[in-house]
Amino acid sequence: MALPKLTRLELQIMDALWTHGASSVREIQERFPEKDRPAYTTVQTTVYRLEGKNAVRRAKKISNAHIFEAVVTRNAAQHRLVDELLGLFGGRTQPVMAHLIESGKLTLDDVREAEKALRKLAKKEKLR
């Protein structure tokens, strides 16, 4: 199954579910910062859209409240976003890396972790 494309608000709702687990629409809405909190009906509509995209599902019902849980994992959603970003650059990672370096968002620890991951991947490739 292809991963659904998620809007910013949908990702924020998914983050609430990934972080706190299965939740009602009211619980999801209350997890937004009070200053930027969307209306309950906005969150409800967005949760129903996520359900239509098979990103969330109704886990159970308590009284009148449906409890929703994430179907799509955080990792899968992050991979989709990174793939979309790289697609904007024709699959080239260099412009993205250059920006991360110039903005100070890429640390030496990040580079070391990336080197470890690349070495591990190279070892797997040799074993094939």
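- With contacts defined as side-chain heavy-atom distances shorter than 4.5 Å, the pair Thr42/Leu9 qualifies.
- With Glu102 contributing its side chain and His99 its backbone, the two residues share no donor-acceptor pair below 3.5 Å.
- A heavy-atom distance below 4.5 Å is found between the side chains of Ser23 and Arg31.
- Proximity of Glu51 to Val47: side-chain heavy atoms (C-beta onward) are nowhere separated by under 4.5 Å.
- Looking only at distances, no side-chain donor or acceptor of Gln78 sits under 3.5 Å from a matching main-chain atom of Asn75.
- Rounded to the nearest 0.5 angstrom, Leu6 CG and Arg49 CZ are separated by 13.0 Å.
- Atoms CZ and CG, on Arg112 and Leu108 in that order, are 5.0 Å from each other to the nearest 0.5 Å.
- To the nearest 0.5 Å, atom CG of residue Asp83 and atom CG of residue Leu88 are 11.5 Å apart.
- Between Val72 and Leu50 the shortest side-chain heavy-atom distance does not fall below 4.5 Å.
- Inter-residue side-chain proximity for Glu84 and Leu81 is flagged as met; some heavy-atom pair is nearer than 4.5 Å.
- Among all heavy-atom pairs drawn from Val25 and Tyr40, the shortest one is CG1-CE1, 3.5 Å.
- Side-chain atoms of Asp110 come within 3.5 Å of backbone atoms of Thr107 as a donor-acceptor pair (strictly under, hydrogens ignored).
- Under a hydrophobic-cluster definition in which Ile, Leu, Val, Met, Phe, Trp and Tyr are linked whenever side-chain heavy atoms come within less than 4.5 Å, directly or via other members, Phe89 and Ile101 are assigned to the same cluster.
- Contact detail for Ile28 and Ala16: the closest heavy-atom pair is CG2-CB, 4.3 Å.
- Using modelled atom types, no side-chain atom of Arg58 and backbone atom of His66 make a donor-acceptor pair closer than 3.5 Å.
- Following chains of ILVMFWY side-chain contacts shorter than 4.5 Å, one cannot reach Phe68 starting from Ile62, and the two form parts of different hydrophobic clusters.
- Arg74 and Thr19 are linked by a side-chain donor-acceptor pair at a separation below 3.5 angstrom, with hydrogens and angles left out of the test.
- The minimum heavy-atom distance between Glu27 and Ser24, with the atom names listed, is OE1-N, 2.7 Å.
- A salt bridge links Glu113 with Lys116: the distance from a Lys NZ or Arg NE/NH1/NH2 to an Asp or Glu carboxylate oxygen falls below 4.0 Å.
- Residues Leu106 and Met97 approach most closely at CD2-CE, 3.8 Å, considering heavy atoms.
- Of the charged side-chain nitrogens involved, at least one lies within less than 4.0 Å of a carboxylate oxygen, so that Glu69 and Arg57 count as a salt-bridged pair.
- Taking hydrophobic clusters as Ile, Leu, Val, Met, Phe, Trp and Tyr residues chained together by side-chain heavy-atom distances below 4.5 Å, Leu3 does not share a cluster with Leu86.
- A continuous path of hydrophobic side-chain contacts links Tyr48 to Leu17 [ILVMFWY only; heavy atoms under 4.5 Å].
- The nearest pair of heavy atoms linking Ile67 to Ala22 is CG2-CB, 3.6 Å.
- Listed here is the closest heavy atom pair of Gln29 and Pro38: NE2-O, 3.1 Å.
- Separating the CE atom in Met14 from the CD atom in Glu10 is a distance of 9.0 Å, to the nearest 0.5 Å.
- Within the 4.5 Å cutoff, the side chain of Arg80 has heavy atoms near those of the Lys5 side chain.
- Salt-bridge annotation for Arg37 and Glu30: absent, with no side-chain N of the basic residue lying under 4.0 Å from a carboxylate O of the acidic one.
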